[in-house]
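Working notes, beginning with the structure itself.
Only a predicted model underlies this, so the values are computations on that prediction, with no experimental measurement involved. For the single chain, residues carry numbers from 1 onward in sequence order.
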Amino acid sequence: MGIIAWILIGLLAGFIAKALMPGKDPGGIIITMLIGIAGGLLGGWLGKVVFGVDSIDGFFDLSTWIAAIIGSVILLVVYRLITGNKRSHRHA
């Protein structure tokens with residue numbers, strides 16, 4: 001798959017991850033899109049390394065989308081943990 005396909009998958013995966021985990025995130029839509037792109041790459045890598053499957057078969061393959069969404073959710077959780085800790089220390 002080309003870089004344009006990865007960006008499209010990442011953008012959509014970031015949107016889906018945000019829909020699965022609603023809430024207010026600092027950074028808005030730009031950060032969500034970047035998390036989605038990076039999450040797609042992370043999900044593809046995890047699928048290959050951890051499970052030994054080629055989850056990057058093609059744009060329309062279900063395994064590609066599942067890997068991208070899982071990777072995006074993981075990165076969204078990490079992002080919220082990092083940014084949530086910064087905000088809670090200011091009020092203390």
Val77 and Arg80: CA distance, side-chain angles, deciding distance, side chain to side chain contact (heavy atoms under 4.5 Å, CB included) verdict: CA-CA 5 Å; Val77 167; Arg80 286 182 178 177; 5.9 Å; no

For Ile35, all residues meeting side chain to side chain contact (heavy atoms under 4.5 Å, CB included), sequence neighbours excluded: Ile31, Leu75, Leu76, Tyr79

Ala13 to Ser72 - nearest heavy-atom pair and separation: CB-OG, 3.6 Å

Min side-chain heavy-atom separation Ile9-Trp65 under 4.5 Å: yes

Set of side chain to side chain contact (heavy atoms under 4.5 Å, CB included) partners for Leu20, sequence neighbours left out: Ile16, Ile69, Val73

